[in-house]
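Chain identifiers are assigned alphabetically (A, B, ...) following the order of the sequence lines, protein sequences preceding nucleic acid strands; residue numbering begins at 1 within each chain. Worth knowing before you read on, the calculation uses all heavy atoms, side chains too, and leaves out hydrogens, waters and symmetry mates. Since this is a predicted model, take the numbers as computed values, not measurements.
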There are 2 protein chains.
Amino acid sequence: MSAGATTPGRVTIRDVAGAAQVSTATVSKVLNHRPDVGPVVRQRVLDTIDRLGYRPSATARSLRVRRSDTIAIITDDLEGIFTSAMMRGVDDAASAFDVSVFLCNSYGDPERERGHLLRLLDKQVDGVIFMSGNRVRRRSAPAVALGDVPHIFLYEYSDDEATPCVLPDDEQGARLAVDHLLAAGARRIGFINGPIGWDASHDRLRGYQQTLRQQTVPVDPALTVFADSWNPEEGYRIATDLMALPSPPDALFCASDDLATGALAALHDLGRAIPEDVSVVGFDDRPLAVHQHPPLTSVALPLTTMGRIAGEMLLAAGRDEPVVPGVHRVPCTLQIRQSTAKAGSN
Amino acid sequence: MSAGATTPGRVTIRDVAGAAQVSTATVSKVLNHRPDVGPVVRQRVLDTIDRLGYRPSATARSLRVRRSDTIAIITDDLEGIFTSAMMRGVDDAASAFDVSVFLCNSYGDPERERGHLLRLLDKQVDGVIFMSGNRVRRRSAPAVALGDVPHIFLYEYSDDEATPCVLPDDEQGARLAVDHLLAAGARRIGFINGPIGWDASHDRLRGYQQTLRQQTVPVDPALTVFADSWNPEEGYRIATDLMALPSPPDALFCASDDLATGALAALHDLGRAIPEDVSVVGFDDRPLAVHQHPPLTSVALPLTTMGRIAGEMLLAAGRDEPVVPGVHRVPCTLQIRQSTAKAGSN
DNA sequence: TTGAAAGCGGTACCAC
DNA sequence: GTGGTACCGCTTTCAA
């Protein structure tokens with residue numbers, strides 16, 4: 001048998017040092033890619049390390065260097081429809097840097113958030129992402145003062161302008177949709193907007209109106225309706241109303257895929273052909289969009305990208321790289337499917 | 001100013017000891033609710049602790065006691081439709097014990113799983129949950145030998161019978177559905193089953209057949225169809241076929257909500273009234289079920305409960321409590337909505 | 001280039 | 001009941 005760990009449990013840096021005939025200091029230097037180790041000694045240490053299957057204890061290291069190579073996500077809604085895509089983005093960024101991610105669910109309750117935060121601080125997390133699982137809204141400050149622990153808001157924001165926040169570019173997303181509909185020949189675009197209480201609704205309305213004006217298409221206020229909820233039922237109701245107008249729309253821009261599915265159902269019931277009679281575009285590009293009849297063109301929220309950016313910013317902050325405070329808007333993209341007519345096909 | 005930490009950074013156990021005129025050993029005992037501390041000293045220590053706002057370093061503690069009060073979830077699909085509900089269950093269980101949860105996404109890639117596991121082991125995790133984000137399937141052994149770190153399979157399983165796994169009781173779920181349909185007066189229940197490659201499909205078929213036999217209702221093989229996928233398109237196709245039978249079904253039991261939505265669409269297109277002409281029940285009880293027309297009765301997977309149970313079992317194992325190996329089936333529940341006729345209303 | 005040794009912040013054994 | 005102190009496993013001066 002080769003010389004190995006004589007200690008019971010895990011093999012430690014001391015075992016390696018012993019077996020390689022060097023001090024623990026030297027092993028540590030090799031581990032951390034320090035230049036001040038002779039090539040032959042370094043190689044001997046390296047060999048010993050994998051002969052013994054040595055793995056440094058992250059815990060011991062954390063205690064020393066006061067970093068844990070760990071970040072955390074605190075979300076108010078773990079089951080929110082947008083949660084997992086953003087989490088994946090964060091996870092991707094973290095994994096790329098060998099950083100682990102804690103997941104915490106606060107249920108939107110400051111007391112729970114506080115509990116999680118304290119525990120995270122005790123565990124030396126290197127950063128925290130506060131993430132909303134649903135539509136963007138302002139939130140209050142973190143339930144615990146974070147001191148010098150970097151943190152970022154993801155899909156939500158607060159009064160504190162100093163801490164960065166990452167949001168989708170709703171206005172630009174709306175422009176994408178309207179541009180596409182105009183190019184497809186639409187001239188009267190009905191806008192089934194989200195409820196009036198949400199920031200996204202206002203941003204998207206701005207994008208909608210600007211694009212029309214820019215293309216010198218008249219903006220008819222009767223064509224814009226704020227829904228009472230983001231649900232299909234509202235989409236159905238509003239689409240029905242809009243199509244009953246004396247001069248009905250030839251396209252519908254819906255602020256969510258759910259609203260759009262309701263609108264599709266309404267158009268079916270009215271016997272309108274999609275996209276021949278009226279084109280429909282949704283917003284969010286959730287998986288259900290592809291299963292509609294016809295498959296739904298939709299503005300995709302850049303959720304995974306947002307998560308990745310938030311993760312990268314946080315990790316950069318941890319490495320003392322400069323971090324830009326304020327709002328970071330990530331552009332949406334358009335997923336074109338069969339619910340909208342092809343360009344020039346009016 | 002009160003006597004406080006004189007050291008720069010965080011306040012440590014030594015600061016508390018100094019300020020309270022006791023040894024660090026005593027502070028530690030108070031922290032850990034050891035009985036061998038006098039009441040007056042204990043109180044003095046307690047007071048000092050919150051006067052100084054002292055919080056013990058979890059990292060230092062972990063190093064000593066070789067526990068991190070941390071568990072991990074490794075999933076093959078962070079964005080799977082069932083992922084977040086199970087995660088929430090795990091999170092609830094963990095939070096109740098002041099344990100934090102690492103979230104890792106392997107993308108189903110053993111190499112990534114390996115990377116995550118090594119990192120987790122380095123960080124002294126107290127346990128690992130391997131979780132599938134989609135339908136239950138057999139998986140290979142963990143990509144790294146876990147030694148004495150407890151682990152559990154959640155919504156997946158492996159050959160290794162020694163490690164516990166937590167699964168939904170698909171057979172019982174099917175019985176629930178069929179019982180309900182029979183009670184509602186159905187006599188010819190079409191079964192739009194999942195694809196044949198999935199365990200759930202076979203378990204549910206067994207439940208379906210057993211219930212019929214038990215109630216002495218004839219089992220017509222022509223009424224059971226394995227779908228090619230879990231998607232609505234398949235549900236539409238198969239429902240159409242079934243309704244074209246010489247003696248068509250008076251109820252449809254669908255193995256997923258997606259299949260059920262397809263079936264609903266088919267029935268609409270055929271002009272059949274739901275539930276008057278035919279009752280429909282889905283499986284999974286996803287949020288979309290409630291938005292169908294009519295709202296869909298569905299067998300609910302006990303996802304959050306499963307997550308909670310897995311979390312609790314894992315934590316129990318960490319505290320050396322007995323853990324039952326083998327398969328743990330968690331019962332499904334039935335969400336009754338308007339797509340099925342009321343009992344006795346045939 | 002290499003190593004001895006002093007911590008990081010707790011815990012727990014053992015003596016008093 | 002209370003305290004002294006040797007660790008847990010690693011990093012980091014600083015001297016040789």
Query - salt bridge (Lys or Arg N to Asp or Glu O under 4.0 Å) involving B:Arg66 - partner list, sequence neighbours excluded - result: none
Query raised in the report: So which pairs with a foot in residues 49-87 of chain A pass ring pair (Phe, Tyr, Trp, His ring centres under 6.0 Å), sequence neighbours left out?
Result: A:Phe82-A:Tyr155
Report summary line: Applying salt bridge (Lys or Arg N to Asp or Glu O under 4.0 Å) to A:Asp159 and not counting sequence neighbours gives A:Arg138
Query raised in the report: Can you list every ring pair (Phe, Tyr, Trp, His ring centres under 6.0 Å) pair that touches residues 94-116 of chain B, not counting sequence neighbours?
Result: A:Phe102-B:Phe102
Report summary line: Expected string for nucleotides 3-12 of chain D under the B/S/- scheme (protein heavy atoms, under 4.0 Å, primed atoms plus P, OP1, OP2 as sugar-phosphate) is BBBBBBBBBB
Query - salt bridge (Lys or Arg N to Asp or Glu O under 4.0 Å) involving B:Arg67 - partner list, sequence neighbours excluded - result: B:Asp69
Query raised in the report: Nucleotide range of DNA chain C contacted by chain B, 5' to 3', under 4.0 Å to a heavy atom?
Result: C:dG9 to C:dA12
Requested in this report: Scan for ring pair (Phe, Tyr, Trp, His ring centres under 6.0 Å) pairs involving residues 122-152 of chain A, sequence neighbours excluded, and state none if there are none.
Outcome: A:Phe130-A:Phe153
**Report entry** Short N-O contact, A:Asp122 and B:Arg10, less than 4.0 angstrom
**Finding:** yes
Query - Any pair counted as salt bridge (Lys or Arg N to Asp or Glu O under 4.0 Å), so long as it reaches residues 101-113 of chain A, sequence neighbours left out - result: A:Asp109-A:Arg112, A:Glu111-A:Arg114, A:Glu113-A:Arg139
Query raised in the report: What pairs with A:Ser23 under side-chain hydrogen bond (donor to acceptor under 3.5 Å, both in side chains), at least two apart in sequence or on another chain?
Result: A:Thr26
Requested in this report: Please list, chain by chain and in numerical order, all residues satisfying salt bridge (Lys or Arg N to Asp or Glu O under 4.0 Å) with A:Arg88, sequence neighbours excluded.
Outcome: A:Asp92, B:Glu79
Query raised in the report: At how many degrees, to 10°, do the end axes of the helix from C:dT1-D:dA16 to C:dC16-D:dG1 meet when each uses five pairs?
Result: 40°
